[in-house]
Each structure stands twice: as C-alpha cells, then as structure tokens.
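Heavy atoms only: backbone and side chains are in, while hydrogens, waters and symmetry mates are out. It should be emphasised that the depicted structure is a prediction, and the values quoted were computed from it without experimental measurement. Per chain, numbering begins at 1; letters A, B, ... match sequence-line order.
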Number of protein chains: 2
Amino acid sequence: MCQDFTGCPDRDGKKGKEEMSKTPPQKRANLRDVATAAGVSVATVSRVMNAPDTVAKKTRKRVEEAMNSLRWVPSAAARAINTGRTRFVGALVPTLDNAIFARFLSKLENQLNTHRLSLVVATTGGDPQVEAEKAKTLIDIGAEGLVVSGITHGQALYDLLDRSQRPAIATSYYDPGYVLPTIGYDNAAAAKLAQEHLTGLGHQHIAVVHGPRLNNDRTEARLSGLTGSNAALELFETEISLAGGCNAARAILQGTQRPTAILCLSDVLASGVLAELHRRDLAVPRDVSVMGIDDLPGSAHIYPELTTVHLPVARMGLAAADAIAEWVETQTVPEPTLLEPSLVLRKSTARPR
Amino acid sequence: MCQDFTGCPDRDGKKGKEEMSKTPPQKRANLRDVATAAGVSVATVSRVMNAPDTVAKKTRKRVEEAMNSLRWVPSAAARAINTGRTRFVGALVPTLDNAIFARFLSKLENQLNTHRLSLVVATTGGDPQVEAEKAKTLIDIGAEGLVVSGITHGQALYDLLDRSQRPAIATSYYDPGYVLPTIGYDNAAAAKLAQEHLTGLGHQHIAVVHGPRLNNDRTEARLSGLTGSNAALELFETEISLAGGCNAARAILQGTQRPTAILCLSDVLASGVLAELHRRDLAVPRDVSVMGIDDLPGSAHIYPELTTVHLPVARMGLAAADAIAEWVETQTVPEPTLLEPSLVLRKSTARPR
DNA sequence: TTGACACATGTAACCGGTTTCATCAACTTA
DNA sequence: TAAGTTGATGAAACCGGTTACATGTGTCAA
C-alpha cells in the first residue's frame, strides 16, 4: 500500500506493507484540514482552486503550500455534488474488435478532451439487453450523457433515457426522424455507392457478404440500399471478422457459378475474402472483383489495395463529441448530422472477364 | 430538451424546446422528496436502495412507488461522497488503432464489470506527457485506480500516483522489480522465441521490423531479446500500422542483399510486410519467411496464415481487471503476474532456400 | 473628513445521499 | 406477566466540497 516513487523506476526492495510508523495511519486530508493548516477559511481554499485571481497572492501561496504539505487531493464526488458535473460521458459500442469502432472511439475521446470531458467505454456485443444494462450502469456512476451506436435499442434503454433525462445521441446512422439526434452516414446510400460502382463496371452477378442482421440496423440498412439494381445478388451472412470473411468466401466458391464480384459490407470482411481468394489462387481483380465498405486505415495498404466506400468515422467522432458536449453544457439538443460517404477507387475491382 | 420515448423509435414531430407547461420546470427530485412523498424518513428510502430486506414489504412498495412517480434518479456523486467509491477505474493506452490494445481493453472492461466497475479509456499516443495529463484528469474525475501500459512513464505520473495514493498497475510488460505491480509478458522472451524459431529453421540473415523505440519499452524489450544469436540482424524502424509494414518491406527490398526472413515485432507490421511482398510478387514463405509477434485474431486467417508468437492479451485483460479490482476493494497490492507467450506455428515461415 | 466602492476573506447554508444510534412496537420465552 | 429479543423506522450527524452573503479593510474622490 505504501508506494514510494522516488528513485523510479526501480523499487528499492519491497517494503513491508504494514509499516508507516512515523505518521499515524492519518486518513486523507480534506478542504478544512487545508484551511486550518493555511490559517484561512474553506472558502478561500476553494477559491484558490476555482478562482485563483480573486485571492491575494500571498494568501494563495500559503494555501498552496498547505495543500502540498498535506498532500491534499480534492474529492471528485464532493466537487460533482455541488457543480452537478461529473465531467464524463459514456459510449456504448457493439465491439472494440472491429477497427471501425476503435477508430471512432479514439477520435471521440480525443475531441471530448477538448471539452474537458472523459469517456467511459462499454461494449455490448450487439445485444440490446446488455446495452440497456450497461447504459444503466453508466448513468448510475454518473455519466452526463451517452453515445450509442445505431438506432435499434431495447425499450429498457429508452425508458432509462426518458427517466434519467440524460442527453444521448446515436451514431453510425443517420435518421432525422429518430427519437435521438443521429450523427452518422446513410448506410443504405453507402451500400448503393458500392453496388453502383460494381454494376457500372458491368458486374451482373454479385455476392454480398454481410454481418449478422439480428439487431444490427447498420447491416440491415446497407442491405436495403442494394435494391433497385438488375444485377443478381447473392447474400452471404457471416460473422464480422477476418475469419468470417474467409468462411463467406469459401461458401461463395462452393456455389455452382462463381460471381464476378464480391461486395463486402465491411472492410474486415473484404480482407478475409481476399485472404481466402489468395489461398485458392484466385487473382483479384482479374478473376473476381472485391469491394468493401468502411475504408479502414489499413485498407489502402493490403494487397490488392481495397476499393471501398469511405465512411467518415473520424469526423463522426469529432461531431459526436462536440454535439454531446454542447448538449451537456448548454442543454441544446443537437441537430441530426449527415456525413457523406464517398467512393474510394483502388485496385481490387475491374470489369468482369 | 424534453424527450418522449413512448412510441419509439419514431419521433412524433419535433417538439418545441421551451414548452413543458403543466409541470412547472420542477427540478430533479431528491431523496427527501421521495421520503416525503412516501411518508417515511430518508433513512428508509436509502434502505430501500441498499438493504431492501430490512424494510417492511409494505413500506418498501410505497417507497418504490414514490420513486417511480417522482422519476427519481439517484445522484452518483452523492452516493460516491459517502461510500468513497466511484465505481470506475481508468485505463491509459497508447492507441486504440492497434488491435492488440483494443482487444485488451475489451476484455478488461468486461471483466471489470463482474466487479461492478466501469472503465474510462484514455489514449496517450505513446507520449508520457500526454499520459501524465490524462492520468491527472482521470484521478480528477474520480477514477479509483489506473491501468497503464508498459513501465516507461513521466515523473509527473509517478508524482500523481504517489500523491493521490491511487492503485495502479502496469500491463503489457513483466518486471517484478518495478514500482508498480506489473501484469504482462516478457517481451524479450517473446522476441527470442520468434527469433529462435527462425534461426532454428536455418535463417542467418534476418530483417527485424519494429515500431518506434522512443518511449516504447515494449519495442525496446523485444529488441533486447534478440541478442545472443549468430544470425545477422538488420533493423528497420517504422510506424506501427499496415502502412508502416509496407514501408519497411520496401526498405528491406531496396537493400543489396535480401534477407531470408523478416521478423516483425508486431502482427500489424507483418500484415503490412506480407501485403507489400505480394505486391512485389514475392511468395511467402517460399521466397522469404515472415513472422510476427502478437497473434491478433485475424492473423490466423490472412494469407499466408501468419506464424507468430501469441501474447495472451485476453488473459492479461482478465488478470488486470481482477488485480485492480481487488486492490481497490481490499487494499491488497497484487503480485506481479507473468503470462507466458507461446509460439504459434502457421504457414508464413519455412527453411531458407 | 467622509462616504462610496473595490477587494480580500470569512460564515454558514447547501448539495444529496449514507450511516450510527435511539426508539418503539411486536414477539418470544420463562 | 415481566424481561429479553428481534425487526422496522426515524432523527440527526456526516461526507467534502461550493457559493451566497456578510464583514472588514484600504483607496479615492468630493
């Protein structure tokens, strides 16, 4: 328990845990202790923290010295109870294992910091019930607001938000009619963009590889964007991972007639498909075109460089951070924000032979 | 501001923001309001929350009804100030963009949940100064403990930990002599494992691709594990990403004599290297062997299946969660824990030709 | 000299819970 | 029936800060 950090980083022999003799077990100092030590009132100490320039320089110095010698650390809870601010918000994402969410969270966290807000992260595994439970926990520990993924949620979550009256925004999806403000892209449009690129190249038989539809509105929306084409679409559902992509590719190649293009609704799936195609000695895009959606940072560098649809998750992270921060701080409900996906032409697609 | 979640998920026309006429702006109910409404004392209401079975069933019901009709939501700060527990800890990682950290955090978060703890995540970009600042923020908002990566940190972080007396453990590294308890693997041993596999196959000229050494003890340790071999080692430093791997591969192929094996100190780097080799029409492992360290979930499925050293980050997540939870709850400083890396033989290495 | 005013500081209420201890009724048990 | 328990509840202190308001001092213009 007693840590001694002088002379880091090496520990000068493990110390017994029960010593600490000179200074009696002395519990943590509080504001009044500091005030007493500095010979001022608690108000003055508080001012030294929150409005330093309203305190005489000499007094301030004395207080600061007292703080240091008592090794005072302010209580977050005590501050929060008065200010009404805990200075953190929560984010609920299906998984961290898909780089797209990791990337989003990373930007979200950084931008939140500019608003002096921290980020509590919780993963749901895509299960609305788990999501609702974790959301409850986040509210319980004091999250000032929530950032959720998509627009498909359990009633329990809506009830929670309603009752707690906490700000919450939905991301990775755009739907101005949704109960919560959405900040995201039009998943259907993104898929359409991809499909049109393929049909534009002349592909008439396209395999579509997608993640689980259950409780996943992003997948569902992307699939819905695929209607209204005269190309034959064959759907392959799989787990969203490299392994999932491999499996899908195997299933595709097992079919009677090989499609001329494979449209993957996530870049990871495309990576898996590419790997499996290599394994089967099929060349991309010569033998078959492969396309993704997401545009992960790595997608530009795999072989072959993946043609995909860029989803602006980094910008989404920034926008979501700004939106939730403003809502939390000024009670202003943000407007839904549409972020445009864009086609990124690289080397994994070509005309069918 | 007024949310109405009945009839989700569609919003019945955006409501004006300034209405809310019937019930006057009525600020949030607190414990006393509930107590008054239920005709009991605050103590009883508190008991209904924390020790339901010490309250008469009839009373409890009455209180619960009052809670509901007043839509009472307990204040996290008020609870925390009394219990001394905020029920969350913080984690500081260099980045989320490397899947290895995402995976670790994912497990960490889940396991923390079993201890009724949430996780605040902060990324440092590998900069000790940023790390110290973010750590300060985490302590400031009330993190009960910290989980950091590696053993290279700024003095400011040590000072903070010392002063705040918060539990903190270091991960991704094992060093029983370190000031903080470490939970991780022996990075040097992991690298040695990889190198010995390659030399065992007969490789005498090995290119080593690694991430930045600056402030990165994991990289440094892995490099240090590479001594004591009679094979010629050529070092290539690059950014840890697919793109970085590609760049390194390019640099390697530019050399006068091509190495027979490429040892990448991270799987992502290996993926990048593999992509670039494909691009240059070099076959792996026929023309050159490639090996990684990490064993990301995807590494088993790329082409060719990557031979690598498995780092037990999932187990590390569990162990770190249990350790910090116990420390926080029982003031027991955890013992340093060594997790063994293991060689995973797959298809990207072979004897040199 | 005096009254107005800015500035520095202190007093005490307050935030919204938890918890100790006292109280009192009902139930055993002899 | 008296004494001892047990169970349910309430009164009030307490946690550690913030802040409205009061107070006191020194400066400056009239």
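Note that CG of Leu138(B) is 13.5 Å distant from CZ of Arg87(A), once rounded to the nearest 0.5 Å. To the nearest 0.5 angstrom, Glu133(B) atom CD is 11.5 Å from Leu92(B) atom CG. Remark: Leu146(B) CG to Lys134(B) NZ distance equals 13.0 Å, nearest 0.5 Å.
Between Arg163(B) and Asp159(B) there is no salt bridge, since no side-chain nitrogen of the basic residue lies less than 4.0 Å from a carboxylate oxygen of the acidic one. Ion pairing between a basic and an acidic side chain is recognised when a charged N comes within 4.0 Å of a carboxylate O; Glu64(A) and Arg60(A) show no such pairing.
Look at Ser75(B) and you won't find any side-chain N or O under 4.0 angstrom from OP1 or OP2 of dG16(C). Checking the phosphate oxygens (OP1, OP2) of dG17(D), a side-chain nitrogen or oxygen of Trp72(A) falls inside 4.0 Å. Between Ser46(A) and dT18(D) there is a side-chain polar atom (N or O) within less than 4.0 angstrom of OP1 or OP2. Taking side-chain N and O atoms only, Ser41(A) has no distance below 4.0 Å to OP1 or OP2 of dT9(C). Between Thr83(B) and dT18(C) there is no side-chain polar atom (N or O) within less than 4.0 angstrom of OP1 or OP2. For dT18(D), neither phosphate oxygen OP1 nor OP2 lies less than 4.0 angstrom from any side-chain nitrogen or oxygen of Asn82(A). Using a 4.0 Å cut-off, no side-chain N or O of Asn30(B) falls inside it from OP1 or OP2 of dG17(C).
Spacing between atom CD1 of Ile81(B) and atom P of dT19(C) amounts to 13 Å, rounded to whole angstrom units. Rounding to whole angstrom units, CZ of residue Arg47(A) and P of dC21(D) are separated by 14 Å. Taking atom CZ of residue Arg79(B) and atom P of nucleotide dT19(C), one finds them 11 Å apart after rounding to whole Å. In this structure, Arg85(A) atom CZ and dT18(D) atom P are separated by 14 Å, rounded to whole Å. The CE-C1' distance, from Met49(B) to dG16(C), rounds to 12 Å in whole Å. In this entry the distance linking CZ of Arg62(B) with P of dA8(D) reads 14 Å, nearest Å. Distance CE (Met67(B)) to C1' (dG16(C)): 13 Å, rounded to an integer number of Å. One atom, NZ of Lys58(B), and another, C1' of dG7(D), lie 16 Å apart when rounded to the nearest Å.
Here Val45(B) lies out of heavy-atom contact (under 4.0 Å) with every strand.
If you check distances only, the side chain of Arg28(A) never reaches the base of dG16(D) with a donor-acceptor pair under 3.5 Å. One can find a donor-acceptor pair under 3.5 Å joining the base of dG16(C) and the side-chain atoms of Arg32(B).
You'll find the side chain of Val48(A) stays beyond 4.5 Å of the side chain of Val34(A), heavy atoms only.
For Thr44(B) and Ala77(B), each mapped to the nucleotide of DNA chain C holding its nearest heavy atom, the one lying further toward the 5' end belongs to Ala77(B). Annotation: of the two residues near DNA chain D, Arg60(B) and Asn50(A), the 5′-most nearest-nucleotide partner is Arg60(B).
Candidate nucleotides dT18(D), dT18(C), dT9(D) were compared by shortest atom distance to the side chain of Ala56(B), and dT9(D) ranks first. The listed nucleotides are dG17(D), dT9(C), dG10(D); the one nearest the side chain of Ala78(A) is dG17(D). The side chain of Thr59(A) approaches dT9(C) more closely than any other nucleotide in the set dC15(D), dT9(C), dT18(C). For Leu31(B), whose side chain is taken as the heavy atoms from C-beta onward, the closest listed nucleotide among dG16(D), dA8(C), dT18(C) is dT18(C).
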